[in-house]
Amino acid sequence: MQKKRATALQLEWGGKPCDHPALAKEYDEGARTGNYVCTQCGAFISFRERAEILKKRPPKA
Ligand SMILES: [Zn+2]
């Protein structure tokens, strides 16, 4: 997801709580930033934060 799109999503989402159900790779001007963004709320998620989220979330059966 483009960084600009993520920023727009953040505004749309309006800072409500989100458990970040779906993460996408973040791109800025077409280049990977190494970070992730939540496709629901647009939050920027670092590689490490993503690992924490995935660890807390039980795998779907
Ligand atoms: Zn989220």
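Atoms within each ligand, like the ligands themselves, are counted from 1 in listed order.
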What is the minimum heavy-atom distance between [X] and [Y], and which atoms define it?
X: Thr33; Y: Asp28; value: CG2-CB, 3.7 Å
X: Cys41; Y: Trp13; value: CB-CD1, 3.2 Å
X: Pro21; Y: Gln40; value: CD-NE2, 3.7 Å

### Euclidean distance, Ile45 CD1 relative to His20 NE2, rounded to 0.5 Å
4.0 Å
### Task
Output every pair passing salt bridge (Lys or Arg N to Asp or Glu O under 4.0 Å) with a member in residues 29-54, not counting sequence neighbours, ordered by first then second residue.
Glu52-Lys55
#### Entry: Electrostatic pair Arg5:Glu12 at N-O distance under 4.0 angstrom
yes
### Summary
Within a distance under 2.8 Å of the Zn ion (ligand 1), the protein atoms of type N, O or S are Cys18 SG, His20 ND1, Cys38 SG, Cys41 SG
